[in-house]
Amino acid sequence: RESVHGMWSSRTVFIMATIGSAVGLGNIWKFPYITGEYGGGAFVLVYLLCIALIGIPIMMAEILLGRRGRSSPIQTMKRLADEQGASRVWSLVGYSGVIAGFLILSFYSVVAGWALAYVFQTASGGLNAITAEGAASVFGDLVGSPGQLLVWHSVFMLMTIAVVARGVRHGLERAVTILMPALLVMLFVMVAYAYVEGDFASGVAFLFNVDFARVFELCTGEGTQVSCRFSGEPMLVAMGHAFFTLSLGLGAIMAYGAYVPAHASITGDTITIAIADTVVALLAGLAIFPLVFGNGLEPGAGPGLIFQTLPIAFGIMPGGQLFGTVFFVLLVFAAWSSSISLVEPAVAWLVEVRRWSRLTAAFLIGLFAWILGIGSALSFN
Ligand code: PFF
């Protein structure tokens, strides 16, 4: 059985597209800043365990369901429930995924819009020799301006719609075969730059030195008087992030699985995808933290880490304008190949049940997500 939406032209393309979905703002924006907030190595270890023990099996299940159903996640769940004589309530899995996709896209596109804005800020030299106060005010001006946020949010949403409207082969497939290799090259360039110009050893130590006290418990006192309190929060954050970074739980991967060639190895491909996603997150950490430490900056700035802290580093480093621009282009590419997978399940569903053209479906879904995103954009100001 083939999907009515078309199929990936090869197993490699499927792997690339799914890595494209997985690798996104989660890897390059969120992973570094939560690692910074939760103190480094031990948090990374818990995150890696969540990927291996929870993420990989769930990704296998999503791809498997998608490949059996060969339709949008909603129709796939209905079809498989019917085949098995199970309750159609299972289709709620598909519906909840579509709703969650909208919710994610509504802020995802806004943050991707920040990245777009920073491409131009950096390329035009607007961040050269910037001070900490200057960087804070550039970021503050951006998120404080509803007009700017909405413009960039709209541009990014249009970029997403443009790809999805063109279909699986001509849209999604063509986009990922250009974006993913480019992303990889830029990432290696950035790591090399951090190696040459930053404090690489401190970056590595921060990411890989495991200090369990920081994740499992908060301790006070000394010697025999130490008292420790269990804190589950970092573990919960690590687990949540494992789902987010692998695009799990909302049918994006199920939708991509519907277009997978029959002979693909689900286990093998899932492991490849999960490893690639993890390696990209770690490489992003290796591109960012050496620059942060090398310039005496703090890793725990939160969501502003790459928008406020990193520009200070780029501003004072040789070649910072060029490499800063490369970094933000990389971020946009990563976000773009992910946002298309947030839209695809709902678009595929509308094409199936309403028989709309992809263009109409993609436009309507994009419009709806864009409207929701306005709420997210205005929440900053
Ligand atoms: N995995 C993406 C990231 O790490 O940025 C985010 C994402 C994409 C989540 C698609 C869910 C999804 F369906």
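As the structure lists them, so they are numbered: ligands from 1, and atoms in each ligand from 1.
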What I want to know is whether [X] and ligand 1 share at least one N or O pair that is separated by under 3.5 angstrom.
X      : value
Phe244 : yes
Ala22  : yes
Gly26  : yes

Please could you name the atoms of ligand 1 that [X] approaches to less than 4.0 Å, counting only its heavy atoms?
X      : value
Leu342 : 10 (C), 11 (C), 12 (C), 13 (F)
Ala252 : 13 (F)
Leu25  : 5 (O)

Next item on the list: Measure the acute angle between the ring planes of Phe307 and Trp114, then classify it against the limits of 30° and 60° as parallel, tilted or perpendicular.
Entry: perpendicular
Item checked: Closest candidate by heavy atom, reference atom 5 (O) of ligand 1, pool Phe243, Tyr256, Trp29, Tyr108 -> Tyr108
Check: To which of Gly20, Ser21, Ala335, Gly24 does the heavy atom nearest atom 2 (C) of ligand 1 belong?
Finding: Ser21
Checklist line | Check: Tyr108 ring centroid to Trp29 ring centroid under 6.0 Å | finding: no
Notebook entry, point to check: Looking at Phe327 versus Tyr193, is the centre-to-centre ring distance below 6.0 Å?
Noted result: no
Item checked: Side-chain donor or acceptor of Ser338 paired with backbone N/O of Ala334 under 3.5 Å -> yes
Notebook entry, point to check: Looking only at atom types and distance, does a side-chain atom of Asn209 sit under 3.5 Å from a main-chain N or O of Phe206, one as donor and one as acceptor?
Noted result: no
Margin query: Could you identify the single nearest non-hydrogen protein atom to atom 8 (C) of ligand 1 and state the distance to 0.1 Å?
Written below: Ser247 OG, 3.3 Å
Check: So does Lys30 pair up with Glu37, basic N to acidic O under 4.0 Å?
Finding: no
Checklist line | Euclidean distance, Ile56 CD1 relative to Thr270 OG1, rounded to 0.5 Å | finding: 7.5 Å
Notebook entry, point to check: Within less than 4.0 angstrom of ligand 1, does Ser341 place any heavy atom?
Noted result: yes
